[in-house]
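Contents: one structure, followed by commentary.
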Amino acid sequence: MTAQIPYDHQAELEDVLERCNALRQAPVPSGDALPEGYTGTLGHFPVYFPEEIAHAAGLLPVSVLGGGNKLEMKHADARMGSFVCSICRSTAELGLNGSLQSLSGFITHPICDAAKHLAGIWSRNFPEQLSQILYLPQNVNTPGAVRYVAAEYQRLRAELERKTGRSISDEALRASIRVYNENRRLLRDLYAVRRDEPWKLSCTESYLLTRARTRIPCEEHNALLGRALDAIGQRRQAAQDKPRVVFVGGFCEQPPLEMLETIDGNCYVVDDDLLVGLRWLTSDVPDAGDPVWALAESFVERSAASPVQHDARKTKEGYLMEMISSSRADGAVLTAAKFCEPGLDEQVAWSKHLDQLRVPYLVLEFEEKMTSFEQMGMQVETFAESLLFTLA
Amino acid sequence: MTTATLENAPAGAPAAAPFDARAEGQRLFSDWYAALADAPARGQPVANVFVMGNAVEILRTFDFQLVFPEINSLQTGVRKASEEYIRVSEDYGMSPDVCSYVKADVGLILKEQHHPAGQIPKADIAIASNMCSTFIKWAEIWERMLNTPAFVLDLPGQRGGNWQVRPGDAQHAADARWVEAQFRDLIEKCERITGKRFDMDRLAEVEDRVNRMVYHWNNVMQLNRVCPAPYNAMLDGLTYIGIMNVYRGTTEGVEFMRRLEDEIRGKVARGEGRVAQERFRLLFSGTPCYVSMRRLIELFETWGGVFAYSDYLTFAAGGMDAGELVYDTSRPLESLAEITALAAQRGLSNQFFAHERLAQQVRDYDVDGIVFHGIKSCRFVSSGMADTRDYLNRRLQVPSLYIESDLIDPRYWSDAQIKNRVDAFFESLHQQGGGAPLAPKTVAAEAGRAA
Ligand code: SF4
């Protein structure tokens, strides 16, 4: 009889996080490396993409999140103006250097003009891939928006059917919706830990756990999240004297991991908009009835917010304040990616609003390719100290 | 533009007096600015609109006074005042890396709407389409700073390369249905703001005038396929598209365009070109730098280079020259939605697949080269430009030049550097055997009625 290995939650969590970090830097799987049941991969750009449709088509949805701070730019500098944000430039680089050649397609969205241009760059350079803009509406308030989104999803469904030569049944879509509903629930649980017991889970860890979905099937991600949540639940860490903050501005270009670690070192980040597209639908999508309609209706009626989605029901200031109050934050870290027009515009609006309400905040600009964090570290430390001082 | 349209549209009587498009354009612009300043006193409702995707036809039926904030911003550049407005907005907190039009406008708000051309009224509604994503962010700024309600007009654009949508096919029908739903929503909002009932007959009248303007506009554009080109698309053309926007759907607009076409036909008949000796026919991709607009043209015209076409004339005039875009005034609202959806795909959002349109225009206008003007603050125009250039160089072997500056921020205009690049471009064109005075060409068959 073999002795049972005692469950070590810390080792378990470290193991999961190590896997997540490896996935963060992993290439897009292709050929034999494709998970079982998948015939290819479908790349999609931030913010939101209805992954269920690709999942049901047997295409692994792969979020294309730029090149981080290790990518060497060899081609894209000559193909995109110097004033374009880093995620667009590095995404083009990943295409041009061959890292994304195995994708069956690449879908971008009308979140900003730079992102829309990626579809043109793709169609000129990789004509063998399905490169398209999924025209998610910027008006979700006019009656008829759900119908339009459903038509756009049906169009995508037909495109993927043509590409894969495999029809996507309603039943397959409902099954995918159920898998993603489970994922949505797990991610909500993850964020509840951040809000209720932030000493048990840092922003960096939560980011790594969430981001893992961008390279593996959702089912596998659900299993990983389940393991992580069990282990986190058993963590016994004492609360430290750190201020509670929310982090915004990470909805598209990815802040470097070191930046998140720097903030974690000084603050409890109790809510954020990092990878918000992967958490866009805020509650379960109905898994009965017309699945495309259910996805479309969820997009219009039960979704998150970001600077690149207009919605008369959710002002940008309103959703920031909602994040702050529901997470009981003491202040906010307002970030924007360099050259990100929507993010930079919002940063001004947010800071003016917080000024009026006398909510403390710190403004940071970042680039995915940043490698030096010393100065940022000092700014964050000073901000955290001043918050603690005011709270004392 | 279909031949049918060319034949069906009214020819118009020849102008009695000589027509000076520039002077007439200036007069119309002064009138417009005067009307803006007086709108609150008249109790007239005011709408902010952009040049791409703006529902002007509906707003006109409700007698809205139209404000074009892009034109206000570019005018600060033309009047050499943009730096001050931009500085005020940057002091307020706006980033150096965002659209300078937006910044000039934020400066305008901070200066209590006082513009070099006169007082700009605050709007009762703003229409922002998704054709340029910055429009939406801009309208959100008005929501915050001026309490102006924003209506986002979501136009389904070109989805991918080689996108073929034809009037009446299933995709077009689905897109038009969504646009129509939004127009109905907008009409309700306009009724609430103005206290007036929507009048379908008036919409048909406005559309009829737009049809006539577009008819003349298409002919004006096509007449520049002639060698020598009768006008410079990036100088004279800027006045023309100003009128296409500000006077869209008005009798003054129709009259201007009619007389303009007659005038240009006259020039073609007389063999008069914009430059004394046309040596190079060029295509301009991008927007002008309004603080150095004349200087930019001078750098090219001194070499005998004239811009026969620019994609700016297409997207900044609403994309209505993209073919088959004629309102059916017997079903005004449905037709408005159908044509708006088509224009969005063929004339506006196709900027994201710019190589397709440019490849066609290189042939249509028989140009010797393309000048790409990257605009620091305009991602709509610039983000894919270098890649488009690379693609066209490889596919069409058409010589091209890439220069960079800004819409209205003078800090990004580097005269010596741009001049060097322009000169080097022409020298290389010369070396490739170009540069002799070009032989006159006959009017392309598509250019409409006989001269
Ligand atoms: S980072 Fe900003 S500018 Fe860049 S693609 Fe994303 S939303 Fe657009």
Side-chain angles (χ1 to χ4, degrees), chain A residues 78-84 88 92 110-125 127 130-135 137-145 147-148 151-152 155 159 307-308 310 312 315-317 336 338-342 344-349 351-353 365, chain B residues 92-95 97-99 102 128-130 132-134 136-141 143-144 149-154 156-162 171 174-175 177-178 180-182 184-186 349 351-355 374-388 390-391 404:
Chain A
R79 302 288 188 88
M80 288 195 113
S82 53
F83 35 75
V84 176
C88 278
I111 54 167
C112 70
D113 297 315
K116 285 180 261 182
H117 271 292
L118 283 176
I121 291 177
W122 235 257
S123 73
R124 285 188 287 274
N125 293 284
L130 171 73
S131 66
Q132 290 213 339
I133 301 175
L134 180 70
Y135 258 88
Q138 284 293 341
N139 174 355
V140 285
N141 307 114
T142 287
R147 188 178 179 185
Y148 166 70
E152 191 62 357
R155 186 183 69 74
E159 295 276 15
V308 289
H310 185 82
T315 66
K316 310 299 187 274
E317 293 87 340
K338 189 163 176 60
F339 296 121
C340 170
E341 178 132 21
L344 289 164
D345 285 344
E346 224 59 82
Q347 204 176 35
V348 179
S351 57
K352 298 284 173 198
H353 189 70
E365 195 171 283
Chain B
Y92 173 77
M94 299 295 288
S95 162
D97 296 326
V98 302
C99 171
V102 176
S129 85
N130 58 336
C132 161
S133 297
T134 296
I136 300 170
K137 303 309 293 177
W138 198 341
E140 288 173 353
I141 289 174
E143 282 186 315
R144 291 186 185 107
F151 184 86
V152 172
L153 179 59
D154 183 72
Q158 178 173 343
R159 312 306 207 280
N162 198 22
Q171 184 65 56
D175 291 346
R177 190 167 55 221
W178 169 227
E180 188 183 328
Q182 294 176 81
R184 290 188 189 277
D185 192 8
L186 175 64
S349 63
Q351 184 66 19
F352 304 113
F353 304 90
H355 58 289
I375 296 290
K376 181 181 188 293
S377 65
C378 181
R379 274 87 182 173
F380 169 81
V381 158
S382 312
S383 303
M385 196 175 257
D387 186 64
T388 302
D390 176 84
Y391 178 89
E404 224 171 75

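Residue numbers begin at 1 in each chain, while the letters A, B, ... track the order of the sequences. Just so it is clear, the model here is predicted, and its values are computed rather than measured. Worth knowing before you read on, the calculation uses all heavy atoms, side chains too, and leaves out hydrogens, waters and symmetry mates.
- For A:Ala119, the parts lying near chain B are the backbone and the side chain together; criterion is any non-hydrogen pair under 4.5 Å.
- No part of A:Leu130 comes within reach of chain B, as not one of its non-hydrogen atoms sits under 4.5 angstrom from that chain.
- A salt bridge is absent between A:Glu341 and B:Lys137; no separation between the charged side-chain nitrogens and carboxylate oxygens falls under 4.0 Å.
- At a 4.5 Å heavy-atom cutoff, B:Met385 makes no contact with chain A through either its backbone or its side chain.
- The choice from A:Gly144, A:Ser131, A:Gly81, A:Ala92 that makes the most heavy-atom pairs within less than 4.5 Å of chain B is A:Gly144.
- The shortest heavy-atom contact between A:Asn139 and B:Val152 is ND2-O, 3.1 Å.
- Of the possible polar contacts, one joining the B:Arg379 side chain to the A:Phe83 backbone as a donor-acceptor pair under 3.5 Å is found.
- Judged purely by distance below 3.5 Å, without hydrogens or angles, the side chains of B:Ser133 and A:Lys116 pair a donor atom with an acceptor atom.
- For A:Arg124, the salt bridge (charged side-chain N to carboxylate O under 4.0 Å, His left out) partners at least two apart in sequence or on another chain are B:Asp387.
- Residues passing the salt bridge (charged side-chain N to carboxylate O under 4.0 Å, His left out) test with A:Lys316, sequence neighbours excluded: B:Glu140.
- Contact count versus chain A (heavy atoms, under 4.5 Å) is highest, among B:Gly157, B:Ala139, B:Gly374, for B:Gly157.
- Ranking B:Met94, B:Gln351, B:Arg177 against chain A, the residue ahead of the rest is B:Arg177, based on heavy-atom pairs under 4.5 Å.
- Under the 4.0 Å criterion applied to side-chain N and carboxylate O atoms, B:Glu180 and A:Arg147 are not assigned as salt-bridge partners.
- Contacts of A:Ser123 with chain B are made by side-chain atoms alone, with heavy-atom separations under 4.5 Å and no backbone atom involved.
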